[in-house]
Amino acid sequence: MILVVGAKGMLGQDLMTLLGTEARGVDIEDIDITSMESVQKVLVTLKPRVVINAAAYTDVDGCESNQELAMQVNGEGVAHLALISKEIGAKLVQISTDYVFDGGKGSPYLEDDPPRPLSVYGESKLAGEMNACFNPDHLIVRTQWLYGLHGKNFVETMLRLAAEKKELSVVDDQIGSPTWTVDLSLAIKALIDKGCCGTYHAANGGFCSWNEFARVIFAEAGMGITVNPMSTAELGRPAPRPLYSTLDCGKLNRDAGFQPQPWQEALKNYLNLRRQ
Ligand SMILES: NC(=O)c1ccc[n+]([C@@H]2O[C@H](COP(=O)([O-])OP(=O)(O)OC[C@H]3O[C@@H](n4cnc5c(N)ncnc54)[C@H](OP(=O)(O)O)[C@@H]3O)[C@@H](O)[C@H]2O)c1
């Protein structure tokens, strides 16, 4: 059995659908990953062969003012999962982020490029990556710019704003790969099925700015909204973001034989599914 921790989150729900009867899901009502006792009780009782940790404190700006909570959930929580999964002989799959990088490389990041987080969220997720290594049988899957049917995300925010406004300003100086949680779930399953270990990057193919992403969302949705450019500095969010954090996913393709579809195709498929 595969145990999905954070099963009610945006990624967690798509993982549960994909894995079907093979999966069992738990979330904050069943397990608090910040407590070693709670993690031990659940893992020792359920004895999964794989634990996928999709639980996290994901409010990037909120982490700046709640550093302690960010480290407890995203850092120490992973240590608890790693130690107990090791004890029961299970593999740990830890979901991580492009925000472990500073965005200054100027070309797609490889798995072994040195991390240098800019934000508290990035620091806490990097601590989680290091703590995942307490279980030698671990997979760290870094991803970025997620959207899906079951959570707050950029696509849903744009579609909501478009219903209220005729014109929007969206940042055009952050570059990344929008990634559908269904495609990320398929990548995670492929890595598990092939018995892969270590660190992998998984994102939809190609890249764009948030501004271009917004334009394509409106074009695909048939909405005539004017999208103006805006800089990250002008937006003035509390947490600094990497400006160029595209992830090179070649290792995922080589080792697991899986290549996520281009982001434009994924978006079309998502919007079609959303209309049903
Ligand atoms: N969203 C993105 O753009 C993005 C980008 C890169 C990487 N990631 C990573 O991808 C993974 C999934 O992200 P997501 O957006 O699907 O997350 P999400 O929707 O925020 O779901 C996270 C889940 O974890 C639960 N949780 C929080 N604290 C917990 C605790 N102490 N113990 C147990 N469960 C807890 C949350 O419950 P509550 O809702 O009740 O707090 C929520 O159900 C995370 O590791 C995230 O860091 C996300």
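Read the numbers this way: they start at 1 and go in the same order the structure lists the ligands and their atoms.
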Distance-only, no hydrogens or angles: does the [X] side chain make a donor-acceptor pair with backbone N or O of [Y] under 3.5 Å?
| X | Y | answer |
| --- | --- | --- |
| Thr179 | Trp145 | no |
| Asp183 | Pro260 | no |
| Tyr121 | Glu64 | no |
| Asn204 | Trp180 | yes |

More than 12 non-hydrogen atoms from neighbouring residues, nucleotides or ligands closer than 6.0 Å to [atom1] on [X], yes or no?
| X | atom1 | value |
| --- | --- | --- |
| Glu234 | CD | yes |
| Phe207 | CZ | no |
| Glu68 | CD | no |

If the cut-off is 4.0 Å to any non-hydrogen atom of [X], which atoms of ligand 1 fall inside it?
| X | result |
| --- | --- |
| Gly9 | 19 (O), 21 (O), 43 (O) |
| Thr97 | 6 (C), 7 (C) |
| Thr143 | 6 (C), 7 (C) |

- Task: Give the single entry among Ser38, Gly176, Ala56 that approaches atom 44 (C) of ligand 1 most closely by any heavy atom.
- Result: Ala56
- Would you tell me which option among Tyr57, Tyr121, Phe154 has the nearest heavy-atom contact to atom 46 (C) of ligand 1? Tyr121
For [X], is at least one N or O under 3.5 Å away from an N or O on ligand 1?
| X | answer |
| --- | --- |
| Thr34 | no |
| Asp98 | no |
| Ala55 | no |
| Met10 | yes |
| Ala54 | no |
| Val73 | no |

- Mark the output for Gly77 as yes if a heavy-atom distance to ligand 1 is under 4.0 Å, and as no if none is. no
Which residue and heavy atom of the protein sit nearest [atom], plus the separation:
| atom | value |
| --- | --- |
| atom 32 (N) of ligand 1 | Ile33 N, 3.1 Å |
| atom 31 (N) of ligand 1 | Asp32 OD1, 3.0 Å |
| atom 29 (C) of ligand 1 | Ile28 CD1, 3.5 Å |
| atom 13 (O) of ligand 1 | Thr58 CG2, 4.0 Å |
| atom 45 (O) of ligand 1 | Lys125 NZ, 2.7 Å |
| atom 48 (C) of ligand 1 | Leu146 CD1, 3.5 Å |
| atom 33 (C) of ligand 1 | Ile31 O, 3.3 Å |
| atom 36 (C) of ligand 1 | Asp27 OD1, 3.8 Å |

- Go through the steps to decide whether Arg142 and Glu129 satisfy the test side chain to side chain contact (heavy atoms under 4.5 Å, CB included), and finish with yes or no. CA-CA 9 Å; Arg142 293 191 189 123; Glu129 288 191 6; 2.8 Å; yes
- Are Arg241 and Asp61 close enough, and set up right, to give a salt bridge (Lys or Arg N to Asp or Glu O under 4.0 Å), and what steps lead you there? CA-CA 10 Å; Arg241 267 83 170 164; Asp61 291 316; 2.7 Å; yes
- Are side-chain N/O atoms of Thr34 and Glu76 paired as donor and acceptor at under 3.5 Å? no
- Item | Derivation and outcome, side chain to side chain contact (heavy atoms under 4.5 Å, CB included), residues Leu149 and Gln13 | CA-CA 9 Å; Leu149 283 178; Gln13 292 199 46; over 6 Å; no
- Query: Using the ring of each side chain (for Trp, its six-membered ring), is His201 parallel, tilted or perpendicular to Phe101, with breaks at 30° and 60°?
  - Reply: perpendicular
- Query: Which part of Ser96 is near ligand 1, with near meaning a heavy atom under 4.0 Å away: side chain, backbone, both or neither?
  - Reply: backbone
- Message: With side-chain contact (heavy atoms from CB on, under 4.5 Å) as the test, pick out the partner of Lys86 among Asn135, Leu92, Asp137.
- Response: Asn135
- Task: Measure from atom 10 (O) of ligand 1 to the protein's non-hydrogen atoms and state whether any distance is below 4.0 Å.
- Result: yes
- Message: Going by a strict under-4.0 Å cutoff (protein heavy atoms only), does atom 16 (O) of ligand 1 have a neighbour on the protein?
- Response: yes
- Query: Taking only residues two or more places apart in sequence or in another chain, which ones pass side chain to side chain donor-acceptor pair (under 3.5 Å) with Tyr109?
  - Reply: Asp102
